[in-house]
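Letters A, B, ... mirror the listed sequences (proteins, then strands); counts begin at 1.
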Protein chains: 2
Amino acid sequence: MTVPVEGPAPQRRKRADAMRNTEAVLEAAKSAFAELGVDAPMREIGARAGVGVGTIYRNYPRRSDLIIAVFRRELDATASEAERLAAAHPPAKALRLWAASLGRFVATKRGFASALHSGDPAYAPLPGQFLGALAPRLQRILDAGAADGTIRPDVRAEDLIQALARLADDHPGDADGRAGRMIDVLLDGVTVARPESRSL
Amino acid sequence: MTVPVEGPAPQRRKRADAMRNTEAVLEAAKSAFAELGVDAPMREIGARAGVGVGTIYRNYPRRSDLIIAVFRRELDATASEAERLAAAHPPAKALRLWAASLGRFVATKRGFASALHSGDPAYAPLPGQFLGALAPRLQRILDAGAADGTIRPDVRAEDLIQALARLADDHPGDADGRAGRMIDVLLDGVTVARPESRSL
DNA sequence: AACTATACGGAACATCGTTCCGTTTATCAC
DNA sequence: GTGATAAACGGAACGATGTTCCGTATAGTT
């Protein structure tokens, strides 16, 4: 076995069938997660992709790796949306619009929020991954709002993202519009700074 | 076999060992749920109670039956707390105090909120059971607050309970005090009626 | 065309929820 | 006490699922 001395390039590039399968697995997992939730059986994902479960585990040793890979693509869109909104609207307005954007993201990923907050160690890397992508952008909106007095200054971006994700996660049986109503209420609390009320 | 004609009384009363075991199972399940979450293995619960899994399933045919039985005892305390607070405080204050009470209830039952909102049909009876016990009491506080103008009138008790339960559910890795901070923010939104902000 | 590293598929294993049934035992009648 | 009987018991058995493992197939190279 030769040691690749970080030279010109690896001897062999990734096999073409492996690349096709990797893409097929991502697509299959995306649809399976959407229909069955993030606990969709691995055999089911393999069947949709036309591969055996061994192939999935070779590329994604842990289930959380697969979940991260599937959602990361769309996550970036939601993250950059925050920057677009921050540039086009005043902070309080940008916050509401972005919350709606995050809500749509979560709504299309049944069980995603549950996994994000699961006590299961398998999902431990998830919160860091997602908060890392979203929190800095949101924090800039919050800082801008604190500066102009339209957003209370004692709310942390990470807290708010987790809260929004929890409230946005809808389930069968939920009253129609519950998620939207409660997010509106939460944001009403965020956009009025009244620190003295925190003393219970 | 004689047919008991709904006469004086049942011939035999419940066996003493059965009663002991029922109680032991409830205690074992309570501790197992607290330590391992509501997905604690049935074999584990059986081992803690010193009984076989068959004994558990005879008394609680579905897992959700056991969960309901375990939590109902403490649920009543939280429900009646609402009445006590409503009588002793003005509505807005009663609401905050009761939210804290609900938070303590949820905090001691890891995964309880997840089960309450799970898509799993096995947990389908749970939301009805718990909302049924809590919502009417909370609704009276909300109505009183709407009447004296301290609580916005467009918030439903059921929505609010679900929102509080979701926000209160803490997980390892959560920032310290996150739950309390976000609940405060939500209640800030509830205790100020500003319907025009709902138009995004 | 032959060779070999790479990737594949699915059997195998472990865990868990749930069902089933042969065995044990508390209670009752005497 | 003693025996009969229904109630209750425990854990094996079954099916589903996550994950690992390894003999086989094959893409890319020579």
Side-chain angles (χ1 to χ4, degrees), chain A residues 1-4 8-26 28-29 32-33 35-67 111 115 118-124, chain B residues 1-4 7-26 28-29 32-33 35-68 111 115 118-124:
Chain A
M1 183 181 178
T2 68
V3 179
Q11 308 278 48
R12 291 162 180 265
R13 62 181 184 279
K14 195 174 182 184
R15 271 171 54 164
D17 58 342
M19 294 188 61
R20 273 197 308 276
N21 279 333
T22 295
E23 178 60 25
V25 166
L26 281 177
F33 289 163
E35 291 171 33
L36 308 172
V38 293
D39 289 327
M42 287 305 226
R43 285 167 176 77
E44 169 70 20
I45 298 172
R48 291 184 186 216
V51 305
V53 291
T55 298
I56 301 177
Y57 277 96
R58 195 167 330 95
N59 289 295
Y60 307 101
R62 286 171 295 177
R63 166 177 288 266
S64 57
D65 296 327
L66 179 57
I67 296 175
S118 161
D120 187 339
Y123 296 126
Chain B
M1 182 182 178
T2 68
V3 179
Q11 307 277 51
R12 291 163 179 264
R13 63 179 183 278
K14 194 176 183 186
R15 274 169 53 163
D17 59 341
M19 295 189 61
R20 273 197 309 275
N21 279 333
T22 296
E23 179 59 25
V25 166
L26 281 177
F33 290 163
E35 291 171 33
L36 307 172
V38 292
D39 289 326
M42 288 303 228
R43 286 168 176 78
E44 170 70 21
I45 298 172
R48 289 184 187 217
V51 304
V53 290
T55 298
I56 301 177
Y57 278 94
R58 192 165 334 92
N59 289 293
Y60 308 100
R62 285 170 297 177
R63 166 177 287 266
S64 58
D65 296 328
L66 179 57
I67 296 175
I68 290 174
S118 161
D120 187 339
Y123 296 126

(message) Please report the distance, rounded to the nearest Å, between CZ in A:Arg58 and C1' in D:dT26.
(response) 13 Å

(request) Check the distance between C:dT19's P and B:Arg63's CZ and give it to me in whole angstrom. (result) 13 Å

(request) Answer yes or no: does a side-chain N or O of A:Tyr57 lie under 4.0 Å from OP1 or OP2 of D:dT19? (result) yes

(message) With a 3.5 Å distance limit and no angle check, can you tell me whether B:Asn21 reaches the backbone of B:Ala18 through a side-chain donor-acceptor pair?
(response) no

(message) On a heavy-atom basis, which atom in B:Glu44 and which in B:Leu36 lie closest, and how many Å separate them?
(response) CG-CD1, 3.9 Å

(request) Would you mind reading off the distance between B:Leu36 atom CG and C:dT15 atom P, rounded to a whole angstrom? (result) 15 Å

(request) Decide, yes or no, whether a salt bridge links B:Asp17 with B:Arg20 under the criterion of side-chain N to carboxylate O below 4.0 Å. (result) no

(message) Rounded to the nearest 0.5 Å, what separates atom CZ in A:Arg62 from atom CG in A:Asp65?
(response) 5.0 Å

(request) Can you tell me the distance, in whole Å, between the CD1 atom of A:Ile56 and the P atom of C:dA7? (result) 16 Å

(request) Decide yes or no for B:Ile68 and B:Tyr60: does some side-chain heavy atom of the first lie under 4.5 Å from some side-chain heavy atom of the second? (result) no

(message) Testing the basics here: between A:Ala24 and A:Ala49, what is the closest heavy-atom pair and its distance to 0.1 Å?
(response) O-CB, 3.7 Å

(message) Without decimals, in angstroms, what is the distance between A:Met42 CE and C:dA14 C1'?
(response) 16 Å

(request) Let me know the distance between CG of A:Asp39 and P of D:dT17, rounded to the nearest Å. (result) 11 Å

(request) Would you indicate what B:Ala40 reaches in the nucleic acid, counting non-hydrogen atoms under 4.0 angstrom: base, sugar-phosphate, or nothing? (result) sugar-phosphate

(request) Could you check how far CD1 of B:Ile45 sits from C1' of C:dC16, rounded to whole Å? (result) 12 Å

(message) Would you say that A:Leu66 contacts A:Ile56 through its side chain, given a criterion of any heavy-atom pair below 4.5 Å between the two side chains?
(response) yes

Between the protein and nucleotides 10-13 of chain C, list the N/O to N/O atom pairs that are separated by less than 3.5 angstrom.
unit_1	atom_1	unit_2	atom_2	d
C:dG10	O6	A:Gly54	N	3.1
C:dA12	N6	A:Arg43	NH2	3.3

(message) Could you report the tightest heavy-atom contact between A:Thr55 and A:Asn59, atom names first, then the distance?
(response) O-ND2, 3.1 Å

(request) Grab the NZ-C1' distance between B:Lys14 and D:dC9 for me, whole Å please. (result) 13 Å

(request) List in numerical order all residues of residues 15-23 of chain B for which some heavy atom is under 4.0 Å away from an atom belonging to DNA chain D. (result) B:Arg15, B:Asp17, B:Ala18, B:Asn21

(request) Grab the two heavy atoms, one from A:Ile45 and one from A:Ala28, that are nearest each other, plus how far apart they are. (result) O-CB, 3.6 Å

